[in-house]
Each structure stands twice: as C-alpha cells, then as structure tokens.
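Encoded as structure tokens, the structure appears first; notes follow it.
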Amino acid sequence: MAKSEVSAAGDDASPSSSRPWQSYNTVYTNAKAGMEGVDKEKVQRIVYEMSKGSKYFENEERKEGYMKQKIENMRAQCLKLTKADISHYQKLAERRILELEATRDLSRIWIHVDMDAFYAAVETLSNPSLQGKPMAVGTLSMLSTANYEARKFGVRAAMPGFIARKLCPELIFVPTDFKKYNHYSGLTRKIFQKYDPNFLATSLDEAYLDITRICKERGVTGAEVAEELRESVYNETGLTCSAGVAPNRLLAKVCSDINKPNGQFVLPNDRMAIMAFISTLPIRKIGGIGKVTENILKDVFGITTCEEMLQKSNLLCALFSRSSADFFFCVGLGLGGTDTPETKMRKSMSNERTFSATGDETLLYKKLVELAEMLSDEMEQEGLCGRTLTLKLKTASFEVRTRAVTLPNYISSSEDILKHASKLLKAEFPVSLRLMGLRISQFMEENVGPSDPTQRTLSKFIVQGDASGKNADECLPLGSDVSDNAFTHDTHTDFPTNSGETISWDLRAPTDNPQISDPNDRCCISGNYSEELGKRPEPQNDELEINVCKSNEEGIPFPGPLEGISLDKPKRGANCAYDETGSCSDHKDLVVWLDDYKCSLCGTELPPSFVEERQEHSDFHLAERLQDEESKDNLRWPTLKQRSVQSNDTQNRGRQRKKKKLSPTPTKCTPIDSFFVKTSQNF
DNA sequence: GGGACGAGAGTCG
DNA sequence: TTCCACGACTCTCGTCCC
C-alpha cells in the first residue's frame, strides 16, 4: 500500500491540536438531506465541546482507538503482501467481478419512496403553527428526527436533544406520537399497494416498490409513475415524499436521497449510466457502509467512491472475507437486489431502558422485573416462546455487555424470563449500570406464524438438508470458506439473486447489510479468498470454477436430485419421504414414545396431549433421518469443494449434521432460518 | 474438526 | 435544569463439547 493512499484518519488527531474537535469523529457532520449548507466545523466544534470530558466521550474515544488499531493492523497486512500475492488476488478479483457482472439484471424497475422528515412532517400537519420553525421530534436525550428548518443548524435524527438545542436555541421539541405516525404510514401504504401489491415496507416512512409490471401495462416510464405516486401521497396525506427510480433496490435507495425533499431522481436501466453514476458516488451513500467501514476503506485503501472498490479489488480480495469483498464489488458495479424478497419473520424480540446510572442491586432488580414483564407481555401478544435469553447491560462508562443463556425449554412467562435473567444479572454484580435490556430469540417455529410465507417449513428443511446453517456452502466451489456465511441477502445493499441459475461461487445473495468482517482478524492472508489462493489447487477448468446449481422459484438453491419432487411438509401421520429415486421410505415407526411420554430417539419429554408438538417432533426426526440418508447416498450435488475431498471419507462425514441432544421442537435450526430470513430481507 | 453457543461489533431507521 | 435511545438484524470470532 502506497503511503500516499493512506490518509491516516487520526494523523491530525493530536490533543494538542488547536482544533481538537476536528478529530472527534462524529456522525453528525455526515452528509444528510437538507444539511448541505451546514457549517460542518461549527457543528463538530459544538458537539465536541458538549461532549468532551463525559463518560460518553471517553467511550467514544475508546472505540475510536480500537478502530484505529484495526486500521493499523490492516495496513500492516497490506504491506506484507508480495507482488505475487497482489497479482494473484488481482486475478481472483477480476474473475469474481466478471461473475458478478454476469448476474446483472436490468429488466426491473424499482422505486424507493422515502417520506420527507416523516415524524416532523406529521407533527406539523397536526400543528400548523410549527410550519417554518425549526422543530425536532424527540427529547433532550435523543431526537428521532428534525425538520428541514432545524437541519440548517446541523440538527438531525439520532442527535442528543441537548446538543441540538445548543446548535439551535430556538429549536422546538415535540414528543413522539407513534399512533399518529402509524396512521399516516398506513395511508401511504394503501397507495403503495396500488402500484405494487408486494411492496416492501422497511420502516414507517420508507418502502420499495417493483413497478416493472405497472410500467409495462400502462406504457409509462418509471419517472412518470414516481411523479404520480408522489402526487397521490401528497393528495391523500398532505405529506411530501421523495423517490428514487433505478434497476435495483440498492440504487433506488441511493437515488431517493438525491433530490430530497419532495423530489425524485431516475437512474436509467442502462449499464453505462449506472457505471457513470457509481463512479463518483461516495461509499457512505451506500446502505450498509457506516462510519467504521467508511473509515477503514478510506484510511487503509484510500477508497472514497464506489468506483474505487473495483480499482482496489485486489486488496479488498486479499484483506476481507469473501462475502465482504463481494459486497464491495457489487457496490462498485452498482448491483443490487432485483427480486421481491419474501416477507421476513421475526427472529428476536427485545426491550431495553436507559436510566440514571446506578449500582443499587435492588433498584436494578426492579428494573429487570419491569423489563421481564414487558417482554413477556409482548411475547404473549404475538404468541411467541423463545429459548435464548440475552441480557444487555450498558455500564455507567457506556461499555456494552451482553450475557446470554440458551435454555432447554421454551419460555414466555415473566416468571421464567425473570428467573433466568436474574441469574445473568447476579453474575455481573457489583456493577453500575445506565441501561438494561432483555432479548429473547430462538423462537419456537410454530409460534412465529404459520401463515408467514417466509416461515421455514420442513420442506425447506429437507430441501436444504442441513441444519448446520452451512447449507449454502454445500454448493460452494473449491476453497469456499464454510465459516463465511456472511454472503446473504442484505437489508440495504441487496445484491442480485438469480431466479434460475446461480453461480455457485456463493449461492447466497450478497448481504444488503453487510457486516464487514473484523479487519483486525480478517485481514490475515489465510482467510477466504486467501484460502483459495493459498491452499486449494487451481481449478482444472472453468466449468469447475463456476459450478451452477439449480434454485427453486424463490431463488433458493437446492440440490439437483430432489428437483421435481414434492417438497411440501409431509402430511401428518404419513411419515413418508422420498429418496433420490423418488421412492418412498417408510418412517412411520421412527419415533416411539416411551411410557407414552419420552421420545425414544432423543429423550425429549412430551405428554400425549401435546399432539401437534409430538407430530412436529416426529417430523424433526424424519427430516433428520432423511438428511442422514441423503448424506449417505450423496444425494446432494457434490460441490466443488466436496468434489475435491470426496475421497476423504472422514471429511465427508464431517459435513453430516450432528444429531441434537436436545431438540425441544423439531425445528431447532436457527442457522438455516437465518439464511432464509436473510434471503428475504427487504432491500 | 465441526457444530452450538456466547459475546461483541456494526448498521439502520 | 435537563447531558448521547431503542429495536432489530447480521456477521465474525472464540470457546466448549462431542
């Protein structure tokens, strides 16, 4: 890495600097709609002065230091790369970029609609006297949003109110009223539905619509649809919104921000236009690239625009996990999600409360009781039972800790939650806390909502055939890193997924909300792409390298031999499953209930009255059996990686799913769920 | 060696 | 006067156990 490319984020961070605030890396100076004319230095100085010396500030400095260390580590790794390394990574990167380019789909027209300063606008509607005055929704602790008058002063969402007031002494504070916001959100959604019945609402004030069909049917352009839609929203609600029209959701999201407020921007379905658009687009505009990732890319690689992702592809290849590198390449190519993802299902439920820091154990237990009751109430409202309970703590010094326990049984009552949460909390004493939270996850699948189309059914379980969560890797070619299951459908960047054939370099859609691998650890050359480079033999030919797997109509890859077989959940009482030849294996006696109570296979106890649960349990073992049979018969398409190790029986066996000792329900398969849920993310 | 789990971090609205 | 939220999701790594 040339020195000139390293901008050294903290080089001017000397405490002795005459402008110490310049080194205070706050998000509040980041570009946001309506803040173009803001005096960034003034904002930075005020935020710094309001913050310095506080516990929060100290914690931010700690985090900053950690980030700088990561950056230094990555720079060191860059310097270690030899010419040969770089050349090899260059080849890998070029090949991967070509593969990704081949997935480009310019046939769809997506629109991202974003309400302008939604909460603030709703409040102004109900109180017109706020019109034209700087106003923010939230409290002195934290703002939810600010209107455009307030943004001129540097006031913005997620800013503490006391700082906002310093920036704008006339600022009017309005408390949040979600009932109102939900009402208006409902009105907008009725309009969205007319244009795309399957539109994707990502929050109260944002949605993605696939307007391909409506454009074709009515013979109109995306721009015309956007105009009409925005007008409808205004007529129906009195609120303005902005829109972005583009061939995929990633770009549509970026576009909707360009002419905010009350404007729109259209990016044509043309590769040249996209590449021109991307060429100067700052990386921070991309959903999924936050402060940390931006700093790493800028300070280690000198990357500030999306186009530079491609120019530095070899280094990205060398230093990041495959999923992260793919994400960056997709950004550089302007690729995003074009399919309509399935509705996502809830994976966790949590609540947390901030309070004045205290070490009083009685008080903290009292807070815990409140949290447990709140959580239990919400779970009962949604009919959920979960078995992983996580206690979140924020200490007086803003250090965040989480402590989790996975239980053998599902719980939902406040008593159960409190019982286990108390144990977790007790282990932390003595401690002074300013926040406590409880999260429950690993829901009993039936409770998540059978009507939810995204619910992972047994059929999918069978199709995937692996509860390990590494299922997608089964189709990966040589060198695929099984630990690298990050390449999933991300919420914000939404990489393309193919509906028919999928290049199986990584079958999963790249993440929309890519969590960039920890550079501190991931920068080692032995990882991921590096692994391909260093350990695996060069592919014999391209056919091996681009192993094409089939995928179902949802774009979910499945192994060939099961193609065409009905994969619906087996009928209750008909414990029958197909083998690869389509014949039916009788599994009806798979589970025997010892003493009419205990599962003969795993010891799980279910009384006779639990008919549904017993059936599900039986299904679970059935699936497990099928999986075993499938593995034995090599039903699954051998992946390149597998091909390369097929002779190694030990390794092959290692890929078979281990039997669970504890299987409270037949659906303990979170990692797979994770995959399906991820592929159904909205963006 | 691999899977399950715990912990921490990053991101978004 | 008031002094940095909340909820949800994802990814990665380390550790333990089989």
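A, B, ... follow the sequence lines: proteins, then strands. Residue 1 opens every chain. What's counted below: heavy atoms across the whole structure, side chains too, no hydrogens, waters or symmetry copies.
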Students often get this wrong, so: under 4.0 angstrom with heavy atoms, is A:Leu204 touching a base, only sugar-phosphate, or nothing?
nothing
Let me know the distance between CG of A:Asp377 and P of C:dG7, rounded to the nearest Å.
14 Å
Hey, are A:Lys394 and A:Glu352 close enough for a salt bridge, meaning a charged N less than 4.0 Å from a carboxylate O?
no
Taking only the side-chain heavy atoms of A:Val292 (C-beta and beyond), determine which of B:dG6, B:dG10, C:dC9 contains the nearest atom.
B:dG10
Report yes if at least one side-chain N or O of A:Thr402 is closer than 4.0 Å to OP1 or OP2 of B:dG8; otherwise report no.
yes
The salt bridge (charged side-chain N to carboxylate O under 4.0 Å, His left out) partners of A:Glu399 (sequence neighbours excluded) come to A:Arg401
For B:dC5, does either OP1 or OP2 sit under 4.0 Å from a side-chain N or O belonging to A:Gln442?
yes
Between B:dG13, B:dA7, C:dA5, which nucleotide gets closest to the side-chain atoms of A:Arg403?
B:dA7
Touch check for A:Lys55, heavy atoms < 4.0 angstrom, all strands: base, sugar-phosphate only, or nothing?
nothing
With sequence neighbours excluded, tell me which residues meet side chain to side chain contact (heavy atoms under 4.5 Å, CB included) with A:Arg62.
A:Asn59, A:Ser397
Distance check: side-chain N/O of A:Lys347 vs OP1/OP2 of C:dA8, anything under 4.0 Å?
no
Between B:dG8 atom P and A:Arg439 atom CZ, what is the distance in whole Å?
12 Å
Considering only side-chain heavy atoms of A:Thr406, which listed nucleotide, C:dG7, C:dC3, B:dC5, is closest?
B:dC5
Under the salt bridge (charged side-chain N to carboxylate O under 4.0 Å, His left out) test, residues paired with A:Glu170 that sit two or more places apart:
none
Name all residues meeting the salt bridge (charged side-chain N to carboxylate O under 4.0 Å, His left out) criterion together with A:Asp377; count only those two or more places apart in sequence or in a different chain, and write none if there are none.
none
Whole-Å distance between B:dG13 C1' and A:Arg156 CZ?
12 Å
Just to be sure I understand: a Watson-Crick pair is purine N1 to pyrimidine N3 plus N6-O4 or O6-N4, both under 3.5 Å. Using that and G-U wobbles, which stems of three or more pairs involve DNA chain C?
B:1-13 with C:6-18
A:Arg165 side chain, from C-beta outward: closest of C:dA8, C:dC4, C:dT2:
C:dT2
Are any of A:Thr390's side-chain N or O atoms less than 4.0 Å away from OP1 or OP2 of B:dA7?
no
Inspect the contact between A:Glu60 and A:Lys63 and indicate whether a charged nitrogen and a carboxylate oxygen are less than 4.0 angstrom apart.
yes
Does A:Arg434 have a side-chain nitrogen or oxygen under 4.0 Å from the phosphate oxygens OP1 or OP2 of C:dC4?
yes
Please confirm whether A:Phe443 and A:Tyr410 have ring centers closer than 6.0 angstrom.
no
Does OP1 or OP2 of C:dA5 have a side-chain N or O of A:Lys394 closer than 4.0 Å?
yes
To the nearest Å, how far apart are A:Gln381 CD and C:dG7 P?
14 Å
Whole angstroms only, please: what is the CZ-C1' distance between A:Arg62 and B:dA9?
15 Å
Same-atom distance (P) from B:dG13 to C:dC4, integer angstrom:
24 Å
Of the listed B:dA7, C:dC6, C:dA5, the closest approach to the A:Leu435 side chain comes from C:dC6
Rounded to whole Å, please give me the gap between OH in A:Tyr56 and C1' in C:dC4.
5 Å
Would you say C:dT2 has OP1 or OP2 under 4.0 Å from some side-chain N or O of A:Thr139?
no
Using a cut-off of less than 4.0 Å, is there contact between a side-chain N or O of A:Arg401 and OP1 or OP2 of B:dA7?
no
Consider the side chain of A:Ser203, meaning its heavy atoms from C-beta on, and name the nucleotide among B:dG13, C:dC4, B:dA7 that approaches it most closely.
B:dG13
d(CD, A:Glu428; C1', B:dG8) in whole Å:
14 Å
Less than 4.0 angstrom between a side-chain N/O of A:Lys253 and OP1 or OP2 of B:dG13, yes or no?
yes
Flag the pair A:Met74 / A:Phe301 as yes when at least one side-chain heavy-atom distance between them is below 4.5 Å, and no otherwise.
yes
Partners meeting side chain to side chain contact (heavy atoms under 4.5 Å, CB included) with A:Ala164 (sequence neighbours left out):
A:Leu143, A:Val155, A:Met159, A:Leu171
Return the nearest nucleotide to the side chain of A:Ala404; candidates are C:dG7, C:dC3, B:dA7.
B:dA7
Nearest of C:dA8, C:dT12, B:dA7 to any side-chain atom of A:Ser324?
C:dT12
Can you tell me if the side-chain N/O atoms of A:Ser51 get under 4.0 Å from OP1 or OP2 in C:dC4?
no
Sugar-phosphate only, base, or nothing, as touched by A:Ser54 at under 4.0 Å among non-hydrogen atoms:
nothing
Winner on side-chain proximity to A:Met142, out of B:dA9, C:dA5, C:dT2, is C:dA5
Phosphate OP1/OP2 of C:dG7: any A:Ser350 side-chain N/O under 4.0 Å:
no
Is there a side-chain contact between A:Lys70 and the phosphate of B:dG10, meaning an N or O under 4.0 Å from OP1 or OP2?
yes
Given C:dC6, C:dT2, B:dG6, which nucleotide is nearest the side-chain atoms of A:Glu352?
C:dC6
Is it the case that the ring center of A:Phe320 lies less than 6.0 angstrom away from the ring center of A:Phe329?
no
Rounded to the nearest Å, what distance is computed from the CD1 atom of residue A:Ile289 to the C1' atom of nucleotide B:dT11?
11 Å
